Structures are given as C-alpha cells and as structure tokens.
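One structure is given here, and the rest of the page talks about it.
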Amino acid sequence: MTSPNPPRPNLSALGWLLAVPALLGALITLVLPTVQTLWLSFQSGGVMRESAYVGTANYADLLGDGAFWRALGFTLSLTLLPLLVAVVVAPLLALALDRAGAWPRRAGRVVLSLAVVTFSPVAVAGAWTRGLSPESSGLAALAQGLREPDTAPWALRLIVAAGTFGIVCALAVLAYLPALRGGSAVPATLAVAALVLLATVATGVQTFSIGMVLTRGGPQHATETLAGLQYDYAFRMARFGPGAAVAALSGVILGVLGVVATLVAVLSRLRITLTPRLKQAQGAPALKGGPVPHDPFGTPGAPGPHGGPVPHGEAAPYGGAQAPQGVPASHGSPAAPGGVYGAGIGSPAALGGTYGAAVGRRTATPGWVAAGAVALLIFAAAWVLLSWPWIDGVLATPSAPASTLRTQVNTWVPALAGALVSVGVAYLAALGIGGLRPLGRGSEWLLLAFAPWLFVGPGPLGVANWQNARNLGLIDSFPALVPPLLVSVPALLVLTLLCKGLSERSGGDFFGGVLLPSLPMAGILAGAVTLVNAHDLSWPLLVAQQADLYTTPVSQVTRLGSFAGGTPDIGAATPLLVVAVALAALVAAQLLYLDRLAVTTNGSPVRTDAA
C-alpha cells in the first residue's frame, strides 16, 4: 500500500477552507430543516389552524395506529424484488461483462446508459395506468390487480419491480464494474454490494411517485407508503404534526442507513482511482538495470526485482523492469508502503497519467466473451420486455400533450441550477477532505458529519421546507422550483473517495494529480443530479399550484388525474432531444472516463486490461 503524503500546513488550512461551504450548506438545508421537522412533530395544527405543543402525542398516535406499521411494512416490501436485482442479477452481469474484455464491457456500458437516461418514475407509472383499461392485454394487464384491496399490494410490488428493473440493474452494474478492476476484487465488490444494498433500501423507503400516480395509497389504504402517508397527513389533511412525525421516523431510518454506509466506506478504506492507459505505456524507456519488455504486465520471462523471471501471470515490479540501481526491492518496489517508486517509474501507471499501481493485464478468453455477450443480450431482452408498457405508451399518440416549452424550462432549468450548486459545493469539500486531507489519514471520518443525510431526498424534509418557502413568499414562484438543497451528500461521498485515491498517487501534485483528474467526475455527477431533480415529483408538487409553473412530472400527474378515455402523454418526461443529449454525454463519459475507474479497499492495487 502506498501511504498518503501528509499535507503541508498551508494545504491543510486550504482543505478546511474548501470544506466550509459544504458545512454551511448542510447546516442551512439539512440540519435546520431536520430540527424544524422534529419540532413540528411535537405540534398540532397546520395551515388551517394555529399550532400548539402536544409533546409526544403525535408519535403515540402513529405508533399505536396500524396505519403507520402497515405503511412501513408495505414500503419495505417494495424493495425486496429490486434488492434481488441489485445484489444478485447485477453482480453476475457485471462479472460477465468484466471478464468478457474491453469491447463487450463498453457495449454493455452503452446499453446501461440508455436504461439510465430514459427512466422517469412518473412516466413509468403513467404508462401502467393504460393497463387499467378493460381492453388491456399482455404485461400491462397486471395493473388490473390494483383495483381490489386484496390484490393491489402484490400488483404494485410487481409493477415497481418491472418498471425499475432497468435502472436498478444499470446503476448497480456501473457500481460493480470499477470494484472488479481492483487488484483484490472480492473485498471491494463486497463493500460496493453493501453500499448498493443500503442505497436500494433507502430509495425504497422514500418511494412516492409510482404509488402516487397508480393508487394514491388505495384501495382502502392497501398500498399506502411512508411517503404517501406523510403527504396525506401534512398536505391533504393539513395536519403538519402527524406528517412531520412520519417524516421524522422515516428520517431516523434513512439516517441509520446513511451512517452505516459511510462507516462501510471509511472502515474498508474504500477509494476510487483511475487505471493506467496501457497503450501509452507500451514502448516506454527502460530503467537502468534492465530493459522493459513489450508487455510489462505478467509477461513470462520478464526480469523480476532481482533479475530473475517473473512467474507466468504475475506482474513484474517497476512495470516489468528491474529495480533501479541502488534501490532495494523491499523498499523501493510499488508494493512496499511508502516506496519512492509507488507507481513504478517506467510502468504504465507512471507513464499513463494515472495514480494507481497496476497488478496485471487480463486477456478475455473466447468463452468469457461469449458469456458476456449472452448476459448482455439477456439483460437487454428482459429490460425491453419489462419496460414494454412504457415503450408502448411512449410510441402511442397522446390525446393531449403534457409538455410545452414553458414546462420543459420549468423542469430543466431549476434542476440544472440545483445540481450545479449542490454538486459544486460537494466537489469543493471533496477536494479539501479527500485531496488535501486536513486530518491526514483519518480525514474521511469528516464524512460522518454528513452521513445521516446521505440518502435523504426531498420527501422527509418536505414539510419543513414547504413551511420555509411559504414564510419566504416563494410558493408559486419560479425560484421555488429549485430543489432546496445546497450540498449533495452522495456526490460528496463519491468525490471524496475519488480525490482520496488520486491524492495518494499524485506525488504531491494537487492540481495535475487530483483536481484535473477528478473534474470530469464532478461534471458527471452534476448531470446525474440534474436528471434526478428533473424527474422528482414530490417537491414541485408542493410549491407549484399554478399551471404555468408546472414541471413535466407535475403536468403529467395533473393530466393523468383528469384522464378520461384518452391516451396519456408518456413521452413528455423524456423528450427526444433531452434523451439524445444526455445519452451522448453519458456514453462519452462511460467510454472515456468511467471505464477507467477502479474501486479498491485497503490500498490494494488496480488491474489494467488490454484496451
């Protein structure tokens, strides 16, 4: 393992300074709304009547009422099938693509990117409403079960599993692939699997859009979720106290999941780095003491650290060259902690512009190539089959459009603005915590300050944030459409782990070794947060009551609620221009940047494949 260089005093101070905006943003938009939510949960009243302190009465009523426990149980049950996809199907697909070699893996990334950019929960749910028609057939007819209390829970569980199969599998595979590139893939994959599991459960706890569109908690509250119960209390019945109590209990669950996830990342010493560019390294000049072979990774007969051959399949230190004269292999080798030749002078890791030591090059066998191709075809077929109600809905001609130019502006401009701010603030903090490391080796423990809100979306803080927006006079205004979040904690975690990995291999070059290589990831995460913000229903539904302020999801829900015999506009949330731009950007990011990422634990090296 290569030990991180302790930051110089002035850089340590800069690290603290860069973290200040995130700390202030978290205080203003996470901590204070959380405190407000807790305070409101001890109040009675709401919009229509004055509030009064009632102590724990709201919690006593909730926990003594079967409605809360029924909503909690049903909400958790919605995560079971997506969990199977995330922790069973996705790792198998990732393994097949990883072993199949560069081109099958990159083809898989393109297909997975399409599943990511076309997903919209409101559009998916709107497509399934077409199955409620008596004339419906095929998979969409599963929605018929939503009509009866006895069958509605299982029908909604299956619809959620089918509608989210593509996005859940795609995101999970894209998380597993970098872990499989580590020199010790099993620990990294297990750590990533734990994070994927926790994230899937946390997302399920906040399920709102699909249930809101399809059942609104019915029939007879059989499909009530925690988010739906909170919305009913706070905004349908105008009882902020019980609504805030549901939000607080949901927040406790999410907070525990966030802290556990952060501890997994910190205790496993998780880091993200970039793999070498092998083509740039070939033909590199040899070091004194021995020539660099044409294939520096595991070439039989390549000189070892003492002049002997390296066993077949193992990587020669120093990129296949002998140790430099006067440098003992035990102290100057890439494997030795603190070795001055951490990436190997003359090795692909040193000459390829990246900061991780490579352990070997894997050549795909024909069997694995075939297995990867078959696995990708099976995924694509399953995704198309399970998404067919949505595909059919997009291809259908709507009875009335749910999107205008103004609606698209309302959707994407605030979404992009919120993403640039929240990810930008997170990136500054990640550069400070992960890149400059103000606490040295223990700097990532600072992430625990943000951990309780790692998985918290707009829902659990919605009651407090709506009250703040009303007090500021922002309801039914364009600025209110910007998500009320100044720091993206998931982006902070990812970027900190990346800056940490880059810093440990940078040789003290903060600008060229940490800032520049991490900048593309900040842009990628800003794009991802923009998509999430644009497809969110819960916050715009609360602050936009006027039709000229509707976002696309709100417009779709409004038209679906008044839908009578026509065809809903399913494709409004994913207009062709947006899909084309997002897909082109994501595919380019996948092939040029994300495909080079490696997730490692405990300082293990990374693997470099043939290009």
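Worth knowing before you read on, the calculation uses all heavy atoms, side chains too, and leaves out hydrogens, waters and symmetry mates. Source: prediction; values computed, not measured.
- Counting all heavy atoms, side chain and backbone alike, A534 lies closest to P553 at O-CG, 3.5 Å.
- Residues T207 and T225 bring no donor and acceptor atom of their side chains to less than 3.5 Å of each other.
- Evaluation of the side chain to side chain donor-acceptor pair (under 3.5 Å) rule for Q556 yields no partner, not counting sequence neighbours.
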Using side chain to side chain contact (heavy atoms under 4.5 Å, CB included), reason through L83 and T79 one step at a time and then give a plain yes or no. CA-CA 6 Å; L83 270 177; T79 68; 4.1 Å; yes
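- For W390 and F119, the ring centers are positioned 6.0 Å apart or more.
- For the residue pair A544 and L481, the shortest heavy atom distance occurs at CB-CD2, 4.0 Å.
- Contact detail for V116 and L171: the closest heavy-atom pair is CG2-CD2, 4.0 Å.
- Looking only at atom types and distance, the side chain of N468 has a donor-acceptor partner in the side chain of Q36 under 3.5 Å away.
- Scanning all heavy atoms of the two residues, the minimum distance from I167 to A115 falls at CD1-O, 4.2 Å.
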Start with the C-alpha distance between V463 and L40, add both sets of side-chain angles, then the distance that settles side chain to side chain contact (heavy atoms under 4.5 Å, CB included), and finish with yes or no. CA-CA 9 Å; V463 179; L40 286 170; 3.9 Å; yes
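- Classification of D392 and R130 as a salt-bridged pair holds, one side-chain N sitting under 4.0 Å from a carboxylate O.
- Results of the side chain to side chain contact (heavy atoms under 4.5 Å, CB included) test with I159 over L142, T164, V124, L78 single out L142 as the only residue that passes.
- With hydrogens and angles left out, the side-chain atoms of T496 and E444 include no donor and acceptor closer than 3.5 Å.
- S41 and Y59 are linked by a side-chain donor-acceptor pair at a separation below 3.5 angstrom, with hydrogens and angles left out of the test.
- Side-chain contact, W412 with T551: no donor N or O sits under 3.5 Å from an acceptor N or O.
- Ring centroid separation for the pair F240 and Y233 does not come in under the 6.0 Å cut-off.
- Side-chain contact check for T223 and T215: at least one donor-acceptor pair (N or O, by modelled atom type) lies under 3.5 Å.
- Taking all atoms of both residues into account, the shortest heavy-atom contact from P389 to A127 is O-CB, 3.4 Å.
- Among all heavy-atom pairs drawn from P401 and D569, the shortest one is CA-OD2, 3.4 Å.
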